[in-house]
Protein chains: 2
Amino acid sequence: MESLLIGEVAARAGVLVETVRFYERKRLIPLVPRGRSKYRRYPAGVVQRIRFIRRSKQLGFTLEEIRDLLALRDRTGGCATVRDRAERKIVELDERIAALNRMRAALGELAVTCADEPNDARCPILHALDDGEDGCVR
Amino acid sequence: MESLLIGEVAARAGVLVETVRFYERKRLIPLVPRGRSKYRRYPAGVVQRIRFIRRSKQLGFTLEEIRDLLALRDRTGGCATVRDRAERKIVELDERIAALNRMRAALGELAVTCADEPNDARCPILHALDDGEDGCVR
DNA sequence: CTTGACTCCGTACCATGGTACAGGGTTCAG
DNA sequence: CTGAACCCTGTACCATGGTACGGAGTCAAG
């Protein structure tokens with residue numbers, strides 16, 4: 001079976017060579033045997049693995065979480081575990097969405113107030129940022 | 001008018017002393033005159049300024065954007081400009097929310113499929129991450 | 001044999017928003 | 001006068017996800 005040099009892997013997966021080495025350092029892709037030279041010799045499957053990483057990132061997983069997902073992918077048989085990870089991530093996404101929605105709503109209200117009653121001497125938005133209530137002391 | 005030492009400012013604003021110095025380095029709060037010693041002497045208004053920063057952060061502004069907002073706050077009379085910044089930020093928040101919603105929806109679908117037809121040998125989620133369509137070559 | 005393209009390693013750097021020292025100086029109470 | 005508690009500067013470090021670069025080795029074609 002023919003093996004690929006890192007540049008070929010990177011090109012096929014759509015990432016930079018440095019990124020492939022970065023993923024290796026982060027243990028997302030395995031350390032592969034080197035030939036007589038010190039060149040990495042990748043099996044073709046690594047390209048798929050990197051694409052898996054890309055898609056997982058698009059779904060909001062961090063590299064650390066993806067390492068976990070890849071481990072499940074490697075040891076076939078953990079469908080329920082994978083689903084669990086997906087569901088946890090969904091909860092997290094929902095929380096992030098809710099947080100952004102709260103910001104959005106707060107800022108939307110300020111913008112409306114400001115649009116209704118603009119006041120250069122005492123802009124409603126700046127005023128709210130100055131005096132807003134918040135649990136400041138942590 | 002009495003002035004405050006940095007520790008007092010930090011305590012009143014609810015941040016660490018290092019954070020106050022950090023904000024000074026980032027030019028979010030002014031360089032203040034020092035006394036006979038080299039201690040910073042802050043006017044009381046700086047506490048309010050730091051709270052302004054905190055609240056702006058809560059609304060999703062970056063420190064760079066907050067620097068901008070503070071400049072508008074300093075030169076009274078830019079209510080329309082402030083509103084413009086707020087509206088741009090709202091658009092950005094909407095985009096981020098939409099992106100997260102897309103991730104959420106995609107992952108939600110995968111989780112449902114996986115819950116309907118779990119398969120340890122070929123988990124629908126892992127399978128989708130392996131073969132998903134995406135514009136890979138950039 | 002040389003040249004160009006590729007690879008290697010190690011390290012530094014980017015943004016973001018801080019946090020944590022180390023090794024000093026200052027200030028105030030007792 | 002001494003010690004605690006504060007302040008100073010400068011630098012390094014944290015996570016996140018890479019990107020860039022220098023200097024050296026390798027490989028294939030011409």
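Reckoned from all heavy atoms, side chains included, excluding hydrogens, waters and symmetry mates. A note on names: the letters A, B, ... follow the listed sequences, proteins ahead of strands, and every chain is numbered from 1.
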A.B. asks: So, OP1 or OP2 of D/dG18: does either fall under 4.0 Å of a side-chain N or O from A/K57?
C.D. replies: yes
A.B. asks: Could you state the atom-to-atom distance from CZ of A/R34 to P of C/dT7 in whole Å?
C.D. replies: 12 Å
A.B. asks: With heavy-atom distances below 4.5 Å as the criterion, would you say the side chains of A/I53 and A/L63 are in contact?
C.D. replies: yes
A.B. asks: Looking at DNA chain C, which of residues 90-104 of chain A put a heavy atom within less than 4.0 Å of it?
C.D. replies: none
A.B. asks: Looking at B/E8, I'd like to know if its CD atom is crowded, meaning that more than 12 non-hydrogen atoms belonging to other residues, nucleotides or ligands lie closer than 6.0 Å.
C.D. replies: yes
A.B. asks: Going by the side chain to side chain donor-acceptor pair (under 3.5 Å) test, name the single residue among A/R85, A/K57, A/K89 that passes it with A/E65.
C.D. replies: A/K89
A.B. asks: Given atom CZ of B/R25 and atom P of C/dG18, what is their separation to the nearest angstrom?
C.D. replies: 12 Å
A.B. asks: To the nearest Å, give me how far apart CG (A/L4) and C1' (C/dT7) are.
C.D. replies: 15 Å
A.B. asks: Please enumerate all protein N or O atoms sitting under 3.5 Å from an N or O of nucleotides 27-30 of chain D, with distances to 0.1 Å.
C.D. replies:
from, atom 1, to, atom 2, distance (Å)
D/dC27, OP1, A/S37, OG, 3.4

A.B. asks: B/V47 versus B/Y42: any side-chain heavy-atom pair under 4.5 Å?
C.D. replies: no
A.B. asks: Have a look at the helix from C/dC1-D/dG30 to C/dG30-D/dC1 and give the angle its two end axes make, five pairs each, rounded to 10 degrees.
C.D. replies: 40°
A.B. asks: Are any non-hydrogen side-chain atoms of A/D130 and A/L126 less than 4.5 angstrom apart?
C.D. replies: no
A.B. asks: B/L129 versus A/R73: any side-chain heavy-atom pair under 4.5 Å?
C.D. replies: no
A.B. asks: Please state whether the phosphate of D/dC8, meaning OP1 or OP2, lies under 4.0 angstrom from any side-chain nitrogen or oxygen of B/R40.
C.D. replies: yes
A.B. asks: Write down the distance between CD1 (B/I50) and C1' (C/dG18), rounded to a whole number of angstrom.
C.D. replies: 14 Å
A.B. asks: Taking side chain as C-beta onward, heavy atoms only, is A/L59 less than 4.5 Å from B/L110?
C.D. replies: yes
A.B. asks: Would you kindly give the NZ-to-C1' distance between A/K26 and D/dT16, to the nearest whole Å?
C.D. replies: 8 Å
A.B. asks: Is any side-chain heavy atom of B/F52 less than 4.5 Å from a side-chain heavy atom of B/L28?
C.D. replies: no
A.B. asks: May I have the distance from A/F22 (atom CZ) to C/dC14 (atom C1'), rounded to whole angstrom?
C.D. replies: 13 Å
A.B. asks: Please check if the number of heavy atoms outside B/R41 that lie under 6.0 Å from its CZ is greater than 12.
C.D. replies: yes
A.B. asks: Measure from CD1 on A/I53 to C1' on D/dG18 and round the result to the nearest Å.
C.D. replies: 13 Å
A.B. asks: On DNA chain C, compare the nucleotides closest to B/L63 and A/V17; which residue's is nearer the 5' end?
C.D. replies: A/V17
A.B. asks: Report the distance from atom CD of B/E18 to atom C1' of D/dC13, rounded to the nearest whole Å.
C.D. replies: 13 Å
A.B. asks: Counting heavy atoms not belonging to A/R34, are there more than 12 under 6.0 Å from its CZ?
C.D. replies: yes
A.B. asks: Would you tell me if any nitrogen or oxygen in the side chain of A/R21 comes within less than 4.0 Å of OP1 or OP2 on C/dC9?
C.D. replies: no
A.B. asks: Does B/E24 reach the side chain of B/L31, with side-chain heavy atoms less than 4.5 Å apart?
C.D. replies: yes
A.B. asks: Given side chains that start at C-beta, do those of B/L4 and B/V46 come closer than 4.5 Å, heavy atoms only?
C.D. replies: no
